[in-house]
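Got a structure here, written out as structure tokens. Questions coming.
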Protein chains: 2
Amino acid sequence: MLSIGKLSAATGVKVPTIRYYEEVGLLPEAERSAGNQRLYRAEHQERLAFIRHSRELGFPLDDIRELLSLSDRLEISCAAADVIANRQLSAVKDRIARLQALQQELERMLTQCAKGTISDCKVIEVLGNHENCLHDHHREGCHLGYPAHDS
Amino acid sequence: MLSIGKLSAATGVKVPTIRYYEEVGLLPEAERSAGNQRLYRAEHQERLAFIRHSRELGFPLDDIRELLSLSDRLEISCAAADVIANRQLSAVKDRIARLQALQQELERMLTQCAKGTISDCKVIEVLGNHENCLHDHHREGCHLGYPAHDS
DNA sequence: GATAGGATCTCCAGCCACTAGAGGTTCAAG
DNA sequence: CTTGAACCTCTAGTGGCTGGAGATCCTATC
């Protein structure tokens with residue numbers, strides 16, 4: 001029987017995140033000690049490892065919920081799991097393509113800059129005027145600047 | 001003098017988003033008509049186009065705020081703008097690299113799957129067991145599954 | 001000049017997947 | 001028995017919007 005802290009150490013998932021997963025139904029409600037503290041077993045650890053790994057691969061929690069419920073039913077076809085994974089793969093590919101377009105644009109912008117004053121800076125100019133662009137990048141959609149909830 | 005709706009149509013930025021940009025100080029407070037409706041001029045349109053394009057290139061709002069304040073000071077060096085753009089470029093490159101690792105992993109997972117039942121599905125198995133992985137992808141951090149605020 | 005209906009106003013809640021903090025309780029080591 | 005780390009619940013905040021409620025305004029038609 002692991003405390004939440006041990007489970008956290010064992011899986012690399014932060015304590016508040018484990019509680020959050022319980023709250024949103026990804027993990028079953030944990031047993032409690034006499035003093036109301038959560039207690040976990042190996043099966044919870046496995047489930048949490050599954051969740052963690054899926055998150056690392058970028059699956060949203062709703063997909064993980066579905067994958068978990070599939071993984072409990074050993075006899076059914078895994079076609080449904082494939083669909084989810086393929087959807088995720090497409091999303092990743094799509095995102096890579098968009099980001100590569102951005103990368104080109106940013107590089108072009110930066111190489112054109114003559115390192116002078118703002119008034120003739122290509123960076124500022126390009127940002128203000130879409131017509132200087134190769135692509136019509138219509139919104140990337142991701143928090144690119146800050147790697148988000150990376151610790 | 002444009003109404004907020006016309007400005008929205010002209011720039012492709014949604015009406016509530018324009019109000020949001022005003023609220024967080026990216027756009028100055030708009031003039032108002034007799035009946036308290038926002039009125040905009042060409043200069044606001046330019047500023048909003050700058051914001052929009054910067055967002056399309058993935059800059060976070062805080063960076064855009066800084067770029068905007070730089071763009072007002074024509075005489076200073078554009079080095080500061082270059083720093084911001086380079087930081088953004090690094091972030092984009094980094095994100096591409098992480099996503100490419102994910103793509104590989106997902107593809108490997110999918111090609112290994114024998115299309116049988118869940119009990120011998122590689123997709124489910126790999127998700128549960130990190131040791132089958134090539135990379136130690138430590139959290140992608142982005143909402144990959146749903147393209148976020150794309151419309 | 002009345003009216004219909006679209007556009008606008010403000011304010012508040014929600015999205016995703018957490019993260020941080022306050023303020024209190026429990027547990028394990030010494 | 002005391003300390004202090006780990007745990008508990010609850011609330012609020014992150015980024016960058018988005019959507020809705022309910023009220024007001026503006027414009028076109030009759």
Side-chain angles (χ1 to χ4, degrees), chain A residues 1-27 29-40 48 51-52 54-65 88 91 138-151, chain B residues 1-27 29-40 48 51-52 54-65 88 91 138-151:
Chain A
M1 291 295 232
L2 300 170
S3 71
I4 198 169
K6 308 287 183 199
L7 181 66
S8 168
T11 57
V13 178
K14 289 181 190 158
V15 169
T17 306
I18 297 174
R19 287 195 280 248
Y20 171 75
Y21 287 160
E22 179 180 316
E23 193 191 319
V24 299
L26 278 174
L27 286 175
E29 288 193 27
E31 285 178 68
R32 300 296 182 122
S33 73
N36 198 34
Q37 305 200 344
R38 287 171 180 83
L39 292 175
Y40 298 93
L48 186 53
I51 297 170
R52 188 195 167 182
S54 304
R55 283 296 299 138
E56 284 171 354
L57 289 171
F59 289 91
L61 295 190
D62 279 351
D63 283 359
I64 297 174
R65 211 185 308 275
Q88 176 63 11
H138 282 310
R139 194 54 61 89
E140 215 315 278
C142 197
H143 317 206
L144 299 161
Y146 303 113
H149 17 263
D150 272 357
S151 50
Chain B
M1 291 295 232
L2 301 170
S3 71
I4 198 168
K6 308 285 183 199
L7 181 65
S8 168
T11 57
V13 178
K14 288 180 189 159
V15 169
T17 305
I18 297 173
R19 287 196 279 251
Y20 171 74
Y21 286 161
E22 180 181 313
E23 194 190 318
V24 298
L26 278 174
L27 287 175
E29 288 192 28
E31 286 177 69
R32 299 295 182 122
S33 73
N36 197 36
Q37 304 198 345
R38 288 172 181 82
L39 292 174
Y40 299 93
L48 186 53
I51 296 170
R52 188 196 165 179
S54 303
R55 284 296 298 140
E56 283 171 356
L57 289 170
F59 289 91
L61 295 190
D62 279 351
D63 283 358
I64 297 174
R65 211 185 306 275
Q88 175 62 11
H138 283 311
R139 193 54 61 88
E140 216 315 279
C142 200
H143 317 205
L144 298 161
Y146 302 113
H149 15 265
D150 272 356
S151 52

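Order of the sequence lines sets the chain letters (A, B, ...), proteins ahead of strands, with each chain counted from 1.
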- Item | Phosphate OP1/OP2 of C/dT10 contacted by B/Arg38 side-chain N/O (<4.0 Å) |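 Yes.
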- Task: Find the distance A/Lys14:NZ to C/dA20:P and express it as a whole number of Å.
- Result: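 It works out to 6 Å between those atoms.
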- Message: If I take atom CD1 in residue B/Ile18 and atom C1' in nucleotide D/dT18, what distance separates them, rounded to the nearest angstrom?
- Response: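 It is 14 Å, rounded to the nearest whole Å.
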- Query: For B/Glu31, which of B/Met1, B/Arg38, B/Gln37 qualifies under side-chain contact (heavy atoms from CB on, under 4.5 Å)?
  - Reply: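 The side-chain contact (heavy atoms from CB on, under 4.5 Å) with B/Glu31 is passed solely by B/Met1 among B/Met1, B/Arg38, B/Gln37.
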- Measure the distance from CG on A/Asp62 to P on C/dC18 and round it to the nearest whole Å.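 The distance from CG of A/Asp62 to P of C/dC18 comes to 12 Å, rounded to the nearest Å.
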- Task: Compare side-chain N and O positions of A/Thr17 against OP1 and OP2 of C/dA17 and report whether any pair is under 4.0 Å apart.
- Result: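 Result: no.
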- Would you name the heavy atoms of A/Leu39 and A/Arg32 that are closest together and state the gap between them?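 Minimum heavy-atom separation between A/Leu39 and A/Arg32: CD1-C, 4.0 Å.
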- Message: Please pick, from D/dG16, C/dT8, D/dC17, the nucleotide with the shortest atom-to-atom distance to any side-chain atom of B/Tyr21.
- Response: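 Of all the options, the side chain of B/Tyr21 is nearest to D/dC17.
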- Task: Please report, rounded to the nearest Å, how far the P atom of C/dG24 is from the CD atom of A/Gln37.
- Result: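 My rounded result for the distance is 17 Å.
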- Query: What nucleotide, of C/dT19, D/dT18, D/dC8, holds the atom closest to the side chain of A/Pro16?
  - Reply: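 My answer, after comparing the listed nucleotides, is C/dT19.
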- Query: Which listed nucleotide (D/dC7, D/dT9, C/dC18) is nearest to the side chain of A/Arg32?
  - Reply: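 When the side chain of A/Arg32 is considered, D/dT9 is the closest of D/dC7, D/dT9, C/dC18.
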- Message: Taking the minimum atom-to-atom distance to the side chain of B/Ser33, which one of D/dC8, C/dC18, D/dC26 wins?
- Response: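 Of the options given, the side chain of B/Ser33 lies nearest D/dC26.
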- What nucleotide among D/dC7, D/dC26, C/dC9 has an atom nearest to a side-chain atom of A/Val15?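 The listed nucleotide nearest to A/Val15's side chain is D/dC7.
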- B/Tyr20 OH to D/dT14 C1': how many Å, rounded?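 Rounded to whole Å, this separation is 10 Å.
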- Measure from the side chain of A/Arg55, starting at C-beta and using heavy atoms only, and say which of C/dA17, C/dC9, D/dC7 lies closest.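 That would be C/dA17.
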- Message: Can you tell me which nucleotide in C/dC18, C/dT10, C/dC27 comes closest to the side chain of B/Asn36?
- Response: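 Taking heavy atoms from C-beta onward, the closest nucleotide is C/dT10.
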- Query: Between C/dT8 and B/Ser3, is there an OP1 or OP2 to side-chain N/O distance shorter than 4.0 Å?
  - Reply: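 Yes, B/Ser3 has a side-chain N/O under 4.0 Å of OP1/OP2 on C/dT8.
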- Item | For the student: nearest non-hydrogen atoms of A/Ser8 and A/Val13, plus distance |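 Where A/Ser8 meets A/Val13 most closely, the heavy atoms are OG-O, 2.7 Å.
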- Are B/Arg19 and B/Glu23 ion-paired here, with the side-chain N under 4.0 Å from a carboxylate O?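 No, no charged N to carboxylate O under 4.0 Å.
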- Task: Starting from P on D/dC7, measure out to NZ on A/Lys6 and report it in whole angstrom.
- Result: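 Between P of D/dC7 and NZ of A/Lys6: 8 Å.
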- Query: Contact class for A/Arg19 (heavy atom, under 4.0 Å): base, sugar-phosphate, or nothing?
  - Reply: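 The residue A/Arg19 makes base contact.
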- Once you round it to whole Å, what is the distance between C1' of C/dT26 and CG of A/Leu39?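 Rounded to whole Å, this separation is 12 Å.
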- Task: To the nearest Å, give me how far apart CG (A/Asp63) and P (C/dC16) are.
- Result: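 For the pair A/Asp63 CG and C/dC16 P, the rounded distance is 12 Å.
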- Task: Report the distance from atom CD1 of A/Ile64 to atom OG of A/Ser54, rounding to the nearest 0.5 Å.
- Result: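 Atom-to-atom, A/Ile64:CD1 and A/Ser54:OG are 4.5 Å apart.
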- Message: Reading DNA chain D from 5' onward, which residue's closest nucleotide shows up sooner: A/Glu23 or A/Gly35?
- Response: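 The residue mapped nearer the 5' terminus is A/Gly35.
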